[in-house]
Amino acid sequence: MDWLIVITVIASAAAIAAIIRAYRIKREVYIFAERMEEVLDQMAQGQGLGREQTESREEIESREQIEDREDAEELTDTIWGKCVEKLNRVSRVWQKKEEESLREKEELKSLISDISHQTKTPIANLKLCLELWREESLGEKEKEYLDSMERQTEKLDFLLQNMVKMSRLETGIIQIHRQRGNLYGTLAAAVAQIVPKAAKKNIGLSVECPEKLNVCHDKKWTEEAIFNVLDNGVKYTEPGGSIKVKAVCQEMFVKLVISDTGKGISPSQQAQIFTRFYREPEVHQKPGIGIGLYLTRKILELEGGYIEVSSGEGKGASFYLYLPL
Ligand code: ADP
(Lines give C-alpha, C1' and ligand atoms only; values in the text may rest on other atoms or scores of the structure.)
Protein backbone atom coordinates (compact mmCIF):
# COMPACT_ATOMS: atom_id res chain seq x y z
CA MET A 1 0.00 0.00 0.00
CA ASP A 2 2.92 2.28 0.89
CA TRP A 3 4.43 2.08 -2.57
CA LEU A 4 1.06 3.08 -4.05
CA ILE A 5 1.05 6.28 -1.94
CA VAL A 6 4.66 7.00 -2.94
CA ILE A 7 3.85 6.58 -6.63
CA THR A 8 0.77 8.80 -6.28
CA VAL A 9 2.79 11.53 -4.53
CA ILE A 10 5.57 11.36 -7.13
CA ALA A 11 3.06 11.43 -10.00
CA SER A 12 1.22 14.39 -8.45
CA ALA A 13 4.47 16.28 -7.91
CA ALA A 14 5.53 15.59 -11.49
CA ALA A 15 2.14 16.73 -12.79
CA ILE A 16 2.30 19.95 -10.74
CA ALA A 17 5.85 20.61 -11.95
CA ALA A 18 4.77 20.04 -15.55
CA ILE A 19 1.81 22.38 -15.13
CA ILE A 20 4.02 25.09 -13.62
CA ARG A 21 6.56 24.68 -16.41
CA ALA A 22 3.87 24.77 -19.08
CA TYR A 23 2.44 27.91 -17.46
CA ARG A 24 5.87 29.58 -17.44
CA ILE A 25 6.54 28.66 -21.04
CA LYS A 26 3.16 30.02 -22.00
CA ARG A 27 3.94 33.31 -20.25
CA GLU A 28 7.34 33.54 -21.86
CA VAL A 29 5.85 32.93 -25.29
CA TYR A 30 3.28 35.61 -24.55
CA ILE A 31 5.97 38.10 -23.49
CA PHE A 32 8.04 37.16 -26.52
CA ALA A 33 5.11 37.75 -28.86
CA GLU A 34 4.34 41.06 -27.16
CA ARG A 35 7.90 42.29 -27.59
CA MET A 36 8.02 41.07 -31.16
CA GLU A 37 4.85 43.03 -31.87
CA GLU A 38 6.41 46.16 -30.34
CA VAL A 39 9.52 45.78 -32.44
CA LEU A 40 7.57 45.14 -35.65
CA ASP A 41 5.40 48.18 -34.93
CA GLN A 42 8.52 50.28 -34.49
CA MET A 43 9.90 48.96 -37.76
CA ALA A 44 6.61 49.61 -39.57
CA GLN A 45 6.74 53.22 -38.35
CA GLY A 46 10.19 53.55 -39.87
CA GLN A 47 12.04 53.71 -36.54
CA GLY A 48 15.22 51.76 -36.09
CA LEU A 49 15.52 49.22 -33.30
CA GLY A 50 16.87 50.83 -30.15
CA ARG A 51 19.27 49.59 -27.54
CA GLU A 52 16.46 48.25 -25.45
CA GLN A 53 15.63 45.69 -28.11
CA THR A 54 19.15 44.54 -28.72
CA GLU A 55 19.87 44.48 -24.98
CA SER A 56 16.78 42.48 -24.34
CA ARG A 57 18.52 40.09 -22.02
CA GLU A 58 18.66 42.51 -19.08
CA GLU A 59 15.16 43.65 -19.71
CA ILE A 60 13.75 40.19 -19.91
CA GLU A 61 15.61 39.30 -16.75
CA SER A 62 14.26 42.32 -14.97
CA ARG A 63 10.69 41.45 -15.83
CA GLU A 64 8.97 40.24 -12.78
CA GLN A 65 6.96 37.71 -14.68
CA ILE A 66 9.99 35.66 -15.53
CA GLU A 67 11.08 34.35 -12.26
CA ASP A 68 13.25 31.62 -13.53
CA ARG A 69 16.53 33.31 -14.43
CA GLU A 70 17.85 30.32 -16.27
CA ASP A 71 14.80 30.23 -18.53
CA ALA A 72 15.16 33.94 -19.28
CA GLU A 73 18.83 33.51 -20.17
CA GLU A 74 18.02 30.61 -22.41
CA LEU A 75 15.27 32.48 -24.14
CA THR A 76 17.37 35.62 -24.62
CA ASP A 77 20.48 33.90 -25.78
CA THR A 78 18.70 31.74 -28.24
CA ILE A 79 15.48 32.74 -29.94
CA TRP A 80 15.05 36.37 -28.91
CA GLY A 81 18.67 37.30 -29.45
CA LYS A 82 18.68 35.79 -32.91
CA CYS A 83 15.37 37.37 -33.86
CA VAL A 84 16.44 40.82 -32.75
CA GLU A 85 19.68 40.54 -34.65
CA LYS A 86 17.86 39.52 -37.85
CA LEU A 87 15.20 42.18 -37.38
CA ASN A 88 17.89 44.76 -36.87
CA ARG A 89 19.47 43.78 -40.14
CA VAL A 90 16.13 43.88 -41.99
CA SER A 91 15.35 47.25 -40.43
CA ARG A 92 18.67 48.71 -41.59
CA VAL A 93 18.15 47.35 -45.14
CA TRP A 94 14.66 48.87 -45.24
CA GLN A 95 15.85 52.23 -44.02
CA LYS A 96 18.59 52.28 -46.62
CA LYS A 97 16.15 51.35 -49.38
CA GLU A 98 13.74 54.04 -48.27
CA GLU A 99 16.49 56.65 -48.29
CA GLU A 100 17.53 55.51 -51.77
CA SER A 101 13.99 55.65 -53.11
CA LEU A 102 13.49 59.13 -51.63
CA ARG A 103 16.69 60.28 -53.28
CA GLU A 104 15.64 58.76 -56.63
CA LYS A 105 12.26 60.43 -56.34
CA GLU A 106 13.89 63.80 -55.72
CA GLU A 107 16.15 63.30 -58.76
CA LEU A 108 13.17 62.33 -60.91
CA LYS A 109 11.26 65.32 -59.64
CA SER A 110 13.96 67.74 -60.72
CA LEU A 111 14.41 65.91 -64.05
CA ILE A 112 10.71 66.22 -64.83
CA SER A 113 10.62 69.89 -63.93
CA ASP A 114 13.76 70.46 -66.06
CA ILE A 115 12.14 68.77 -69.07
CA SER A 116 8.98 70.77 -68.52
CA HIS A 117 10.87 74.10 -68.27
CA GLN A 118 13.44 73.48 -71.00
CA THR A 119 10.90 72.42 -73.64
CA LYS A 120 8.39 75.20 -73.00
CA THR A 121 10.41 78.03 -74.58
CA PRO A 122 11.50 76.28 -77.81
CA ILE A 123 7.93 75.07 -78.44
CA ALA A 124 6.51 78.54 -77.78
CA ASN A 125 9.12 80.05 -80.15
CA LEU A 126 8.33 77.46 -82.79
CA LYS A 127 4.63 78.32 -82.58
CA LEU A 128 5.42 82.02 -82.86
CA CYS A 129 7.60 81.46 -85.93
CA LEU A 130 4.88 79.40 -87.58
CA GLU A 131 2.34 82.15 -86.86
CA LEU A 132 4.63 84.77 -88.38
CA TRP A 133 5.23 82.57 -91.39
CA ARG A 134 1.48 82.23 -91.91
CA GLU A 135 1.22 86.00 -92.30
CA GLU A 136 3.49 85.86 -95.35
CA SER A 137 1.98 85.33 -98.82
CA LEU A 138 2.45 81.61 -99.33
CA GLY A 139 1.91 79.24 -102.22
CA GLU A 140 -0.36 76.15 -101.95
CA LYS A 141 2.51 73.75 -101.32
CA GLU A 142 4.02 75.97 -98.59
CA LYS A 143 0.63 76.32 -96.88
CA GLU A 144 0.32 72.55 -96.86
CA TYR A 145 3.74 72.20 -95.22
CA LEU A 146 2.90 74.92 -92.73
CA ASP A 147 -0.38 73.18 -91.76
CA SER A 148 1.49 69.96 -91.23
CA MET A 149 4.20 71.66 -89.15
CA GLU A 150 1.57 73.36 -87.00
CA ARG A 151 -0.22 70.06 -86.40
CA GLN A 152 3.01 68.33 -85.44
CA THR A 153 4.03 71.20 -83.13
CA GLU A 154 0.64 71.07 -81.40
CA LYS A 155 1.02 67.31 -81.02
CA LEU A 156 4.52 67.68 -79.60
CA ASP A 157 3.30 70.30 -77.13
CA PHE A 158 0.34 68.15 -76.09
CA LEU A 159 2.53 65.06 -75.81
CA LEU A 160 5.11 66.78 -73.63
CA GLN A 161 2.55 68.41 -71.37
CA ASN A 162 0.75 65.13 -70.88
CA MET A 163 3.90 63.11 -70.35
CA VAL A 164 5.01 65.54 -67.67
CA LYS A 165 1.55 65.36 -66.10
CA MET A 166 1.60 61.57 -66.26
CA SER A 167 5.01 61.22 -64.64
CA ARG A 168 4.06 63.75 -61.97
CA LEU A 169 0.98 61.71 -61.12
CA GLU A 170 2.93 58.46 -61.17
CA THR A 171 5.78 59.63 -59.02
CA GLY A 172 3.43 61.20 -56.51
CA ILE A 173 4.72 64.70 -57.26
CA ILE A 174 1.13 65.70 -57.91
CA GLN A 175 -0.94 65.14 -54.84
CA ILE A 176 -4.65 64.56 -55.13
CA HIS A 177 -6.42 66.68 -52.50
CA ARG A 178 -9.86 65.27 -51.92
CA GLN A 179 -12.37 67.55 -50.30
CA ARG A 180 -16.06 67.26 -49.83
CA GLY A 181 -17.50 69.43 -52.61
CA ASN A 182 -20.27 69.88 -55.08
CA LEU A 183 -19.94 67.42 -57.99
CA TYR A 184 -22.38 69.41 -60.10
CA GLY A 185 -19.89 72.31 -60.26
CA THR A 186 -17.02 70.03 -61.27
CA LEU A 187 -19.14 68.33 -63.92
CA ALA A 188 -20.36 71.70 -65.24
CA ALA A 189 -16.76 72.91 -65.59
CA ALA A 190 -15.77 69.80 -67.58
CA VAL A 191 -18.86 69.99 -69.78
CA ALA A 192 -18.31 73.72 -70.43
CA GLN A 193 -14.90 72.90 -71.87
CA ILE A 194 -16.30 70.41 -74.34
CA VAL A 195 -19.38 72.40 -75.48
CA PRO A 196 -17.61 74.36 -78.29
CA LYS A 197 -16.07 71.18 -79.75
CA ALA A 198 -19.38 69.32 -79.57
CA ALA A 199 -21.23 72.24 -81.15
CA LYS A 200 -18.69 72.38 -83.98
CA LYS A 201 -19.42 68.73 -84.76
CA ASN A 202 -23.16 69.12 -84.20
CA ILE A 203 -23.11 66.62 -81.34
CA GLY A 204 -25.90 66.94 -78.80
CA LEU A 205 -24.98 67.06 -75.09
CA SER A 206 -27.30 66.37 -72.18
CA VAL A 207 -26.44 66.34 -68.47
CA GLU A 208 -28.43 64.94 -65.57
CA CYS A 209 -26.96 65.55 -62.13
CA PRO A 210 -28.51 66.56 -58.80
CA GLU A 211 -27.38 70.10 -58.02
CA LYS A 212 -26.68 69.40 -54.38
CA LEU A 213 -24.66 66.23 -54.75
CA ASN A 214 -21.64 66.45 -52.44
CA VAL A 215 -18.77 64.07 -53.09
CA CYS A 216 -15.28 63.84 -51.63
CA HIS A 217 -13.11 64.65 -54.67
CA ASP A 218 -10.32 66.80 -56.06
CA LYS A 219 -12.11 69.35 -58.23
CA LYS A 220 -9.27 70.11 -60.64
CA TRP A 221 -8.24 66.53 -61.32
CA THR A 222 -11.76 65.11 -61.41
CA GLU A 223 -12.65 67.77 -63.95
CA GLU A 224 -9.70 66.61 -66.04
CA ALA A 225 -10.74 62.95 -65.72
CA ILE A 226 -14.31 63.72 -66.83
CA PHE A 227 -13.12 66.01 -69.61
CA ASN A 228 -10.89 63.26 -71.08
CA VAL A 229 -13.88 60.92 -71.42
CA LEU A 230 -16.10 63.67 -72.87
CA ASP A 231 -13.36 64.66 -75.31
CA ASN A 232 -13.16 61.08 -76.55
CA GLY A 233 -16.94 60.98 -76.87
CA VAL A 234 -16.81 63.96 -79.24
CA LYS A 235 -13.74 62.66 -81.06
CA TYR A 236 -15.09 59.19 -81.76
CA THR A 237 -18.71 60.13 -82.51
CA GLU A 238 -19.86 61.09 -85.98
CA PRO A 239 -21.48 64.52 -86.53
CA GLY A 240 -25.15 64.51 -85.55
CA GLY A 241 -24.58 62.01 -82.71
CA SER A 242 -25.13 62.61 -79.02
CA ILE A 243 -23.45 62.33 -75.60
CA LYS A 244 -25.35 61.82 -72.38
CA VAL A 245 -23.96 62.39 -68.90
CA LYS A 246 -25.78 61.14 -65.85
CA ALA A 247 -24.81 61.04 -62.16
CA VAL A 248 -26.27 58.15 -60.20
CA CYS A 249 -25.96 58.05 -56.43
CA GLN A 250 -25.18 54.59 -55.08
CA GLU A 251 -24.54 53.29 -51.59
CA MET A 252 -20.74 53.64 -51.63
CA PHE A 253 -20.04 55.54 -54.85
CA VAL A 254 -21.37 58.17 -57.16
CA LYS A 255 -21.50 56.64 -60.63
CA LEU A 256 -21.02 59.05 -63.53
CA VAL A 257 -22.31 57.50 -66.73
CA ILE A 258 -20.97 59.06 -69.93
CA SER A 259 -22.55 57.48 -73.01
CA ASP A 260 -22.05 58.33 -76.65
CA THR A 261 -23.47 57.14 -79.94
CA GLY A 262 -20.04 56.84 -81.57
CA LYS A 263 -18.04 54.06 -83.17
CA GLY A 264 -17.94 51.92 -80.05
CA ILE A 265 -15.12 49.65 -78.84
CA SER A 266 -14.97 45.93 -79.50
CA PRO A 267 -14.81 43.78 -76.32
CA SER A 268 -11.34 42.50 -77.24
CA GLN A 269 -9.92 46.06 -77.05
CA GLN A 270 -11.71 47.19 -73.92
CA ALA A 271 -9.09 46.20 -71.35
CA GLN A 272 -6.27 47.80 -73.33
CA ILE A 273 -7.77 51.24 -73.86
CA PHE A 274 -6.94 52.19 -70.24
CA THR A 275 -3.24 51.42 -70.68
CA ARG A 276 -0.58 53.98 -71.51
CA PHE A 277 -0.25 55.01 -75.18
CA TYR A 278 -2.72 52.42 -76.42
CA ARG A 279 -4.80 53.46 -79.43
CA GLU A 280 -7.03 51.20 -81.49
CA PRO A 281 -5.53 50.62 -84.95
CA GLU A 282 -8.53 52.19 -86.71
CA VAL A 283 -8.18 55.60 -84.95
CA HIS A 284 -4.68 56.49 -86.03
CA GLN A 285 -5.91 59.17 -88.44
CA LYS A 286 -7.65 60.94 -85.53
CA PRO A 287 -5.69 63.26 -83.22
CA GLY A 288 -4.57 61.78 -79.91
CA ILE A 289 -1.69 59.98 -78.23
CA GLY A 290 -3.44 57.35 -76.15
CA ILE A 291 -3.08 58.68 -72.63
CA GLY A 292 -6.45 60.32 -71.94
CA LEU A 293 -8.10 57.23 -70.51
CA TYR A 294 -4.92 56.16 -68.74
CA LEU A 295 -4.82 59.52 -66.93
CA THR A 296 -8.52 59.27 -66.10
CA ARG A 297 -8.01 55.81 -64.62
CA LYS A 298 -5.00 56.99 -62.60
CA ILE A 299 -6.82 60.05 -61.25
CA LEU A 300 -9.86 58.01 -60.22
CA GLU A 301 -7.68 55.38 -58.56
CA LEU A 302 -5.86 58.05 -56.56
CA GLU A 303 -9.26 59.29 -55.44
CA GLY A 304 -10.30 55.80 -54.34
CA GLY A 305 -12.55 55.22 -57.35
CA TYR A 306 -12.36 53.37 -60.64
CA ILE A 307 -13.53 53.37 -64.27
CA GLU A 308 -15.36 50.80 -66.39
CA VAL A 309 -16.54 50.63 -69.98
CA SER A 310 -19.33 48.82 -71.75
CA SER A 311 -19.56 48.91 -75.49
CA GLY A 312 -19.77 46.97 -78.71
CA GLU A 313 -18.38 47.73 -82.13
CA GLY A 314 -20.56 50.35 -83.85
CA LYS A 315 -22.87 50.52 -80.86
CA GLY A 316 -21.56 53.58 -79.03
CA ALA A 317 -19.70 53.46 -75.74
CA SER A 318 -20.63 54.00 -72.09
CA PHE A 319 -17.97 54.88 -69.55
CA TYR A 320 -18.73 54.56 -65.83
CA LEU A 321 -16.66 56.72 -63.52
CA TYR A 322 -16.97 55.72 -59.87
CA LEU A 323 -16.16 58.27 -57.16
CA PRO A 324 -16.35 57.24 -53.51
CA LEU A 325 -18.97 59.06 -51.50
P1 ADP B 1 -6.64 58.90 -77.50
O2 ADP B 1 -8.08 59.30 -77.58
O3 ADP B 1 -5.73 60.04 -77.41
O4 ADP B 1 -6.26 57.93 -78.55
P5 ADP B 1 -7.37 57.63 -74.99
O6 ADP B 1 -6.49 57.05 -73.95
O7 ADP B 1 -8.26 58.72 -74.57
O8 ADP B 1 -6.41 58.10 -76.13
O9 ADP B 1 -8.22 56.46 -75.61
C10 ADP B 1 -7.61 55.23 -75.94
C11 ADP B 1 -8.34 54.56 -77.10
O12 ADP B 1 -9.62 54.11 -76.67
C13 ADP B 1 -8.63 55.49 -78.26
O14 ADP B 1 -7.51 55.56 -79.11
C15 ADP B 1 -9.82 54.81 -78.90
O16 ADP B 1 -9.36 53.76 -79.71
C17 ADP B 1 -10.57 54.21 -77.72
N18 ADP B 1 -11.69 55.07 -77.26
C19 ADP B 1 -11.67 55.88 -76.18
N20 ADP B 1 -12.85 56.47 -76.00
C21 ADP B 1 -13.65 56.03 -76.97
C22 ADP B 1 -15.01 56.27 -77.32
N23 ADP B 1 -15.78 57.10 -76.63
N24 ADP B 1 -15.53 55.63 -78.41
C25 ADP B 1 -14.75 54.78 -79.10
N26 ADP B 1 -13.46 54.51 -78.83
C27 ADP B 1 -12.91 55.12 -77.79
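Whatever order the structure lists ligands and atoms in, that order sets their numbers, starting from 1.
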If you count the non-hydrogen atoms of other residues, nucleotides and ligands that lie under 6.0 Å from CZ in Phe277, is the total more than 12?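 Check passes, neighbour count above 12.
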
Is it the case that atom NE2 in His284 sees more than 12 heavy atoms from other parts of the structure closer than 6.0 Å?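 Above 12, so yes.
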
Go ahead and list the nitrogen or oxygen contacts between ligand 1 and the protein that come in under 3.5 Å, distances to 0.1 Å, or just say none.
residue	atom	partner	partner atom	Å
ligand 1	2 (O)	Asn232	OD1	3.1
ligand 1	2 (O)	Lys235	NZ	3.0
ligand 1	2 (O)	Tyr236	OH	2.8
ligand 1	3 (O)	Ile289	N	3.1
ligand 1	3 (O)	Gly290	N	3.0
ligand 1	4 (O)	Tyr236	OH	3.2
ligand 1	4 (O)	Arg279	NE	2.5
ligand 1	4 (O)	Arg279	NH2	3.2
ligand 1	6 (O)	Gly292	N	3.2
ligand 1	6 (O)	Leu293	N	2.9
ligand 1	7 (O)	Asn232	OD1	3.2
ligand 1	7 (O)	Asn232	ND2	2.8
ligand 1	7 (O)	Leu293	N	3.3
ligand 1	8 (O)	Gly290	N	3.4
ligand 1	14 (O)	Tyr236	OH	3.3
ligand 1	16 (O)	Glu280	N	3.3
ligand 1	16 (O)	Glu280	OE1	2.6
ligand 1	20 (N)	Asn232	ND2	3.4
ligand 1	23 (N)	Asp260	OD2	2.9
ligand 1	26 (N)	Lys263	NZ	3.3

Reported NE2-to-CD1 distance for the pair His217 and Ile299, which is rounded to 0.5 angstrom: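 It comes to 12.0 Å.
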
Between Lys201 and Glu238, does any side-chain N to carboxylate O distance fall below 4.0 Å?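 No, Lys201 and Glu238 are not salt-bridged.
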
Please check: side-chain N/O of Arg92 versus main-chain N/O of Leu87, any donor-acceptor pairing under 3.5 Å?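 Not confirmed, Arg92 side chain does not pair with Leu87 backbone.
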
Can you list everything that forms a side chain to side chain donor-acceptor pair (under 3.5 Å) with Tyr278? Sequence neighbours excluded, please.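 Partners of Tyr278 by the side chain to side chain donor-acceptor pair (under 3.5 Å) criterion, ordered by chain and then number, come out as Gln269.
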
